[in-house]
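A quick write-up on the structure given underneath.
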Amino acid sequence: MRLQGKVAIVTGAGQGIGEATAKKFAKEGAKVVVVDLNEHGINSTVDAINKDNGEAIGIVVDVTNREQVQAMIERTVEQYGKLDSVVNNAGITADSTLAKMTDEQWENVIDVNLKGVYLVGQAAAKQMKEQGFGGTILNASSVVGLYGNYGQTNYAASKWGVIGMTKTWAKELGKDKIRSNAVAPGFIQTPMVEKMPEKVVAAMKARAALGILGEPEDIANAYVFLASDDARFITGAVLSVDGGMVI
Ligand code: NAP
């Protein structure tokens, strides 16, 4: 088991990629703190992990709220004694073309996808520094952050911003043995993608060299690798997991 003895927080773990990541971390031996806005989703992820002989607790947290984020770190340490990894997976979309985008759409996406990652990263890094043995911070970017996408000004800006934070933290935190990496998923079969128009999804499939959408487990596998000691020499990287969408 590649994460035996480790303690990990996964945000947005009530469904989709976060749910698959929390389950995969538990399967690999980590004690997992399942975080989401949605209590029903949290309970279903935690129950599935516990039924599978894993170890998990759930906490309702809005990642845009500094007090709730701090309480999440404190509860994790109280329960499991330390924090080895955080997966900054919670993210939202609110699509419109540039011409039609509202300030509210802009602010909502920037708040969750950028401020949320900043707040969780800052609080996690403080805990990891204090422990003295380091840790890993993993951030959800997207192919859209790297290459842009029609109708996603706000989302593309947030996901490119995530890459900037990831690289900055790698430079600032390396001396404290904290690694910081991002994963840039292509199009993955999740509730987020189910909300997209069918023709957009078909076009996305056609653009991938492998001609398919990914599964949440494909992204979870990348997070497990980057959180594990197998990746001990990797920091500041952006790992594309996109079926060859952009080569
Ligand atoms: P998803 O199915 O929509 O799940 C995201 C989860 O995050 C939801 O349970 C959501 O709760 C939660 N969440 C939203 N705002 C939150 C907040 N403020 N605090 C805490 N939790 C919050 O998303 P996904 O498709 O699995 O994507 C996960 C991540 O990968 C996102 O960062 C996304 O941008 C990125 N990504 C996804 C794809 C893809 O193809 N799916 C591709 C590239 C990148 P509610 O449902 O209650 O809002």
Side-chain angles (χ1 to χ4, degrees), residues 9-24 33-46 58-72 86-95 107-121 123 137-149 152 154-163 165-166 182-197 200-201 203-205 207-208 212-223 238-243 245-246:
I9 295 173
V10 183
T11 70
Q15 63 180 45
I17 293 170
E19 176 187 359
T21 301
K23 288 178 176 170
K24 191 72 83 172
V33 179
V34 173
V35 167
D36 205 289
L37 277 181
N38 179 340
E39 193 166 12
H40 176 72
I42 291 175
N43 291 339
S44 118
T45 304
V46 169
I59 319 180
V60 177
V61 178
D62 178 348
V63 295
T64 68
N65 181 304
R66 179 178 284 283
E67 285 71 37
Q68 290 182 27
V69 167
Q70 189 51 40
M72 168 187 85
V86 67
V87 184
N88 266 312
N89 166 78
I92 61 167
T93 53
D95 298 350
E107 279 154 18
N108 286 345
V109 168
I110 296 300
D111 227 31
V112 179
N113 297 10
L114 265 188
K115 187 183 171 196
V117 172
Y118 152 69
L119 288 177
V120 173
I137 300 175
L138 298 168
N139 297 325
S141 182
S142 168
V143 279
V144 171
L146 289 166
Y147 307 108
N149 196 26
Q152 292 197 310
N154 49 1
Y155 187 77
S158 73
K159 293 301 181 181
W160 178 254
V162 162
I163 292 173
M165 281 196 283
T166 302
V183 171
F187 284 86
I188 310 300
Q189 195 68 55
T190 66
M192 182 182 271
V193 165
E194 278 155 25
K195 281 189 269 170
M196 291 181 177
V200 174
V201 176
M204 290 306 162
K205 273 189 194 172
R207 274 177 51 196
I212 51 170
L213 292 182
E215 296 295 329
E217 289 70 23
D218 294 317
I219 308 306
N221 286 333
Y223 285 131
V238 183
L239 179 57
S240 289
V241 185
D242 64 2
M245 180 170 277
V246 187

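Sequential numbering from 1 along the given sequence is applied to the chain's residues. Whatever order the structure lists ligands and atoms in, that order sets their numbers, starting from 1.
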Quiz item: Of V87, T166, L239, N89, which is the lone residue that meets side chain to side chain contact (heavy atoms under 4.5 Å, CB included) with L138?
Solution: V87
Quiz item: Is it the side chain, the backbone, both or neither of I188 that has a heavy atom closer than 4.0 Å to ligand 1?
Solution: both
Quiz prompt | Location of contacts on V61 toward ligand 1, heavy atoms closer than 4.0 Å | solution = backbone
Quiz item: Out of curiosity, is G214 lining ligand 1, as in a heavy atom under 4.0 Å away?
Solution: no
Exercise. Kindly determine whether S240 and L146 satisfy side-chain contact (heavy atoms from CB on, under 4.5 Å), including the steps that lead there.
Key: CA-CA 9 Å; S240 289; L146 289 166; 3.8 Å; yes
Quiz item: Which ligand 1 atoms does D62 reach within 4.0 Å, using its non-hydrogen atoms?
Solution: 17 (C), 18 (N), 19 (N)
Exercise. Between P185 and ligand 1, find which residue part has any heavy-atom pair under 4.0 Å and reply side chain, backbone, both or neither.
Key: both
Quiz item: For G16, is at least one N or O under 3.5 Å away from an N or O on ligand 1?
Solution: no
Exercise. Using a 4.0 Å heavy-atom cut-off, say whether T190 meets ligand 1 through its side chain, its backbone, both or neither.
Key: side chain
Practice problem: Of the side chain and backbone of K159, name the one, both, or neither that has a heavy atom under 4.0 Å from an atom of ligand 1. | Solution: side chain
Quiz item: If you measure every N/O of N89 against every N/O of ligand 1, is any gap under 3.5 Å?
Solution: yes
Self-check item: Mode of S141 contact toward ligand 1 - side chain, backbone, both, neither (heavy atoms, under 4.0 Å)
Solution: backbone
